[in-house]
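Below is one structure, written out as structure tokens; comments come after it.
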Protein chains: 2
Amino acid sequence: MTTKNRILDAAEKLFADKGFNGTSLREITSLAEVNLAAVNYHFGSKKELIKAVMSRYMNELSPNLELALTNVCDSSDKPSLVAVFSAFVEPLLALNHFKENGTSNFLQLLGRGYTDSQGFLRWFLTTRYPTLINGFVAAVHKAYPELSAEDMFWRLHFTMGTIVFTMSSSDALMDIAKNDFDRNVDISGVIKQVIPYVAAGVGAPI
Amino acid sequence: MTTKNRILDAAEKLFADKGFNGTSLREITSLAEVNLAAVNYHFGSKKELIKAVMSRYMNELSPNLELALTNVCDSSDKPSLVAVFSAFVEPLLALNHFKENGTSNFLQLLGRGYTDSQGFLRWFLTTRYPTLINGFVAAVHKAYPELSAEDMFWRLHFTMGTIVFTMSSSDALMDIAKNDFDRNVDISGVIKQVIPYVAAGVGAPI
DNA sequence: GTCTATAACTAGATAGAC
DNA sequence: GTCTATCTAGTTATAGAC
């Protein structure tokens, strides 16, 4: 376990939990049990550390997800929207093998990235992983060709919002589900709940 | 224009823009052109200032929205989900008469409140305005009685997510819509785009 | 590569003069 | 009620010894 990786792991956990702005380098280095100065030695700045934490996941997820979306497009002339969104499930859950709580952590980080830090992370992700977005748009277009580019734009952003918001407050939601309905839901349970919702939303009549 | 109101107005604008954590009291008092110490004199703490900013809107919105939801329930034995969500439009847009950019500011603040500050604002709002949530749940239940309490819970939170996320990044989204589609969309345009989406999502087959 | 020490700055909050 | 001045505690970042 190198110092660099100890920092990445600690940062990931704290960022997911309390946001990027809400987490100090002192908390990170303290949890990682490394010296405060190590962050700046290994990463240069807090901003670069944030990028590094996100990149570790994106580099793992991105090829799997692109492949899954291509498969959906190839498997049928007109796939259902549920099929398109279901393509996300396996690549996302695979992050749990990559790292403990990987799926949940990654989705929470994604949520943070869209609301903390005035969108610098959004810019970083969309410019760094454009083929992923294009693959997704292509799959949705094949499933619902009548949807105009403009309506597609809005609905994909609504979907993004549903997902990242749900995930950034998923701990609270799972707690409520347990208290109010005596139901133990994990992150894959939440994903399965959300798919019919977003599929119906994207597929709403124009 | 009292000092207290100058602070509230400045805080509202900055909070909506950069989040609660991302805004310092110095920025607020500087924009309001009042002394730094005035915040603690009038509100006691930053946390209380946040509550005061939100309460000003909630006290304006809450009775109108409750009435609109009651009207939907009374108007039909089985209202459509689009009708239920459309009940939000007028009370929300009325905030623009209450204050310049009121609708947009309020919705962005709501979005911030769910992601910044580890949910203390969520707690404040749900315990302070429970009848609002009950009225909404009752309306959705009348529109879609087959939906179980548990599915209802999830879908309402997904909807909350769609709305607050969209609104907390609505400035960016409206910019993109203008650049990519040469379309000027204002906040009421965004609301009209999102209603079919959330109505279809909540109404998705079980 | 890792440490201590500290620089340089910002935060929220407050005491006390007016 | 409003001001200045300041306190305490936090932040990121870095210089320099080892």
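Lettering follows sequence order; numbering is per chain, from 1.
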### Task
Remember a base hit wins even if backbone is also touched, and classify T23(B) as base, sugar-phosphate or nothing at under 4.0 Å, heavy atoms.
sugar-phosphate
### Query
To the nearest angstrom, how far is K18(A) atom NZ from dT11(D) atom C1'?
13 Å
Contacts under 3.5 angstrom, residues 187-194 of chain A side chains, donor-acceptor by atom type, not counting sequence neighbours:
| unit_1 | atom_1 | unit_2 | atom_2 | d |
| --- | --- | --- | --- | --- |
| S188(A) | OG | D186(A) | OD1 | 3.3 |
| Q193(A) | NE2 | D151(B) | OD1 | 3.4 |

### Qualifying residues under side-chain hydrogen bond (donor to acceptor under 3.5 Å, both in side chains), relative to N184(B), sequence neighbours excluded
K178(B)
All N/O contacts under 3.5 Å from nucleotides 13-18 of chain C to the protein, with atom names and distances to one decimal?
| unit_1 | atom_1 | unit_2 | atom_2 | d |
| --- | --- | --- | --- | --- |
| dA13(C) | OP2 | K46(B) | N | 3.2 |

### Query
Mind checking what makes side-chain contact (heavy atoms from CB on, under 4.5 Å) contact with T70(A), not counting sequence neighbours?
D74(A)
### Message
Restricting to salt bridge (Lys or Arg N to Asp or Glu O under 4.0 Å), what partner residues turn up for R6(B), sequence neighbours left out?
### Response
E33(B)
### Message
Among residues at least two apart in sequence or on other chains, which ones pass side-chain hydrogen bond (donor to acceptor under 3.5 Å, both in side chains) with N71(A)?
### Response
none
### Message
Whole angstroms only, please: what is the CG-C1' distance between N21(A) and dA11(C)?
### Response
13 Å
### Query
What residues, two or more places apart in sequence or in another chain, satisfy side-chain hydrogen bond (donor to acceptor under 3.5 Å, both in side chains) together with Y144(A)?
none
### Message
For Watson-Crick and G-U wobble pairs within 3.5 Å on both distances, what is DNA chain D written in dot-bracket notation, | included for inter-strand pairing?
### Response
|||||||.||||||||||
### Task
Could you state the atom-to-atom distance from CD of E27(B) to C1' of dA11(C) in whole Å?
11 Å
### Task
Please list, chain by chain and in numerical order, all residues satisfying salt bridge (Lys or Arg N to Asp or Glu O under 4.0 Å) with E150(B), sequence neighbours excluded.
R183(A)
### Query
For D182(A), does the CG atom have more than 12 heavy-atom neighbours from other residues, nucleotides or ligands under 6.0 Å away?
no
### Summary
In short, side-chain hydrogen bond (donor to acceptor under 3.5 Å, both in side chains) pairs touching residues 35-46 of chain A with sequence neighbours left out are none
### Message
I need the full list of ring pair (Phe, Tyr, Trp, His ring centres under 6.0 Å) pairs touching residues 170-199 of chain A, with sequence neighbours left out, sorted by first then second residue.
### Response
F181(A)-F153(B), Y197(A)-F158(B)
### Task
Kindly say whether M167(A) contributes a backbone atom to a donor-acceptor pair with the side chain of S170(A) at under 3.5 angstrom?
yes
### Residues from residues 2-14 of chain A lying under 4.0 Å of DNA chain C - heavy atoms
T3(A)
## Note on the structure
To the nearest angstrom, the CD-P distance between E33(B) and dC3(D) comes to 11 Å
### Query
dT10(C) phosphate, OP1 or OP2: any side-chain N/O from S24(B) under 4.0 angstrom?
no
